[in-house]
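Data block below; observations after.
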Amino acid sequence: MKKRDTKRSNLPKNHPRYESLKYRHEIIEGMHNLVVAEAGLIAHGRGECFDYILGEKTNEVAEKAIKAAVAALLLAEKPVISVNGNTAALVPRELVKLSKVVNALLEINLFYKKKGRVKAIKKVLEKAGATDIRGTSKKEMVEIEGLESNRRFCDSIIDADLIMVPLEDGDRTEALKKIDKKVITVDLNPVSRTSIWADITIVDNIIRAIPKMILIAEELKEFTQEQLTQIVAEFNNKKNIQDALELIKNYIEQQKKDAFKILNNH
Ligand code: ATP
Ligand code: MG
């Protein structure tokens, strides 16, 4: 059999889309190692599309949501970060670091179950420094009511007061809201069902959002409970989502102008 040629070192560093190619590579490798589901590749592509029309950078709208999310995580009594295949493949070390800084548990929760997947993700997280990983033993799981998918099985999430669900499916976000959980998401699509249902929606790429959250958490750790509460209270998710849509609209307008200039000079 022909050997796979997917080594990251084969990517030309001066390629204009080097970063994007690098993370595509992580997702593909993740799929070969059972960490990422086949459908995860398509979900990543959907994310890339939104990232493109957001200018592929963390904007001030996302920064506001990141600050509110970190403040909420620091205030929470039992916060949990839910981990799926794509997040484990893209940002394993950063997820572990964030969980330590804000004192949140990591719980593996998957939409697509396949023999060996949970074990593969657990291995990736352990390699990244995680010591207490939840969601690995079916015996300790309970089911969330009103949810048909595999994501209904949860461990520490059932007792959590705040759950961060990056790259999540809308069904579970809705189910978690229906059992009165506070929800934070990182989702490049500002109008996915998850984005709309969440309490705090960070419209940004997970690869940029998590490192930024770690930096902000180091800073906000010094804040008082009152100061953190004020940050959360001042944040308006509805307005933030509208602002993200406005940014996309403006970015496309600008692209239209720039493309016209090039097209007119052909
Ligand atoms: P929903 O179920 O919430 O309506 P969906 O069905 O459109 O969303 P899912 O596959 O369920 O999509 O969830 C994946 C979500 O994660 C998508 O909204 C996608 O844009 C987003 N996404 C994919 N990759 C990234 C990434 N690297 N960073 C942030 N968001 C991402
Ligand atoms: Mg979905």
Side-chain angles (χ1 to χ4, degrees), residues 17-31 35-59 61-66 69 81-95 98 108-114 117 121 124 144 146-152 163-178 181 183-214 237-238 240-241 244-245 247-248 251-252:
R17 307 208 69 77
Y18 174 76
E19 281 293 306
S20 162
L21 293 175
K22 187 177 87 180
Y23 287 105
R24 278 185 184 181
H25 165 85
E26 300 295 349
I27 287 283
I28 293 167
E29 271 303 286
M31 189 195 71
V35 171
V36 173
E38 283 92 340
L41 269 69
I42 299 163
H44 185 76
R46 180 175 290 171
E48 277 193 339
C49 178
F50 281 99
D51 206 11
Y52 198 89
I53 56 172
L54 273 158
E56 292 171 294
K57 56 180 188 298
T58 303
N59 52 63
V61 176
E63 271 173 21
K64 260 192 210 164
I66 285 175
I81 301 173
S82 180
V83 182
N84 66 9
N86 283 36
T87 55
L90 293 170
V91 280
R93 284 169 299 279
E94 294 81 355
L95 280 173
L98 179 66
I108 300 173
N109 183 278
L110 307 175
F111 192 89
Y112 296 99
K113 283 267 156 78
K114 196 173 188 180
R117 264 198 88 202
I121 295 173
V124 166
I144 300 178
L147 192 58
E148 295 289 317
S149 78
N150 273 321
R151 290 204 134 163
R152 70 185 183 276
I163 307 142
M164 179 158 136
V165 290
L167 284 58
E168 177 70 23
D169 181 59
D171 282 24
R172 187 169 69 137
T173 312
E174 202 176 324
L176 289 173
K177 284 310 301 167
K178 284 189 178 148
K181 302 289 182 190
V183 175
I184 295 170
T185 193
V186 181
D187 193 326
L188 278 159
N189 177 0
V191 288
S192 73
R193 289 172 309 145
T194 298
S195 290
I196 300 290
W197 273 92
D199 296 279
I200 301 176
T201 305
I202 302 168
V203 183
D204 196 11
N205 198 322
I206 188 99
I207 60 168
R208 295 187 301 266
I210 305 283
K212 185 90 197 174
M213 286 179 87
I214 297 167
N237 206 43
K238 187 173 151 196
N240 216 245
I241 288 175
L245 289 167
L247 277 180
I248 290 178
Y251 186 76
I252 292 177

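Atoms within a ligand are numbered from 1 in the order they appear, just like the ligands themselves. On a predicted model such as this, the values are computed, not experimentally measured, just so you know. Count residues from 1 along the sequence.
Among protein heavy atoms, atom 16 (O) of ligand 1 sits closest to L167 CA, 3.7 Å. In terms of protein heavy-atom proximity, atom 10 (O) of ligand 1 is closest to A43 CB, 4.0 Å. Looking from atom 7 (O) of ligand 1 to the surrounding protein, the closest heavy atom is R46 NH1, 2.5 Å.
The number of heavy atoms from other shown groups lying within 6.0 Å of NZ (K177) is above 12. No more than 12 heavy atoms of other residues, nucleotides or ligands lie within 6.0 Å of NZ in K64, so this atom counts as exposed by the packing criterion.
Residues D199 and K181 share a closest heavy-atom pair of OD2-O, 3.9 Å.
For D187, a nitrogen or oxygen atom sits less than 3.5 Å from a nitrogen or oxygen atom of ligand 1, counting backbone and side chain alike. For G170, a nitrogen or oxygen atom sits less than 3.5 Å from a nitrogen or oxygen atom of ligand 1, counting backbone and side chain alike.
With a 4.0 Å heavy-atom cut-off, ligand 1 is reached by the backbone of E168 but not by any atom from C-beta on. Counting heavy atoms under 4.0 Å from ligand 1, residue D204 touches it through the backbone alone.
Counted by atom type alone, D187 and S192 present one or more donor-acceptor pairs between their side chains at under 3.5 Å.
When distances from the Mg ion (ligand 2) to the N, O or S atoms of D169 are compared, OD1 comes out shortest.
Residue contacts with ligand 1 do not include I207, since none of its heavy atoms lies under 4.0 Å from the ligand.
Among the atoms of D171, no N, O or S atom falls under 2.8 Å of the Mg ion (ligand 2).
Between the choices G47, G40, S192, the shortest heavy-atom distance to atom 8 (O) of ligand 1 belongs to S192.
Taking the side chain as every heavy atom from C-beta outward, R172 and N109 approach each other to under 4.5 Å.
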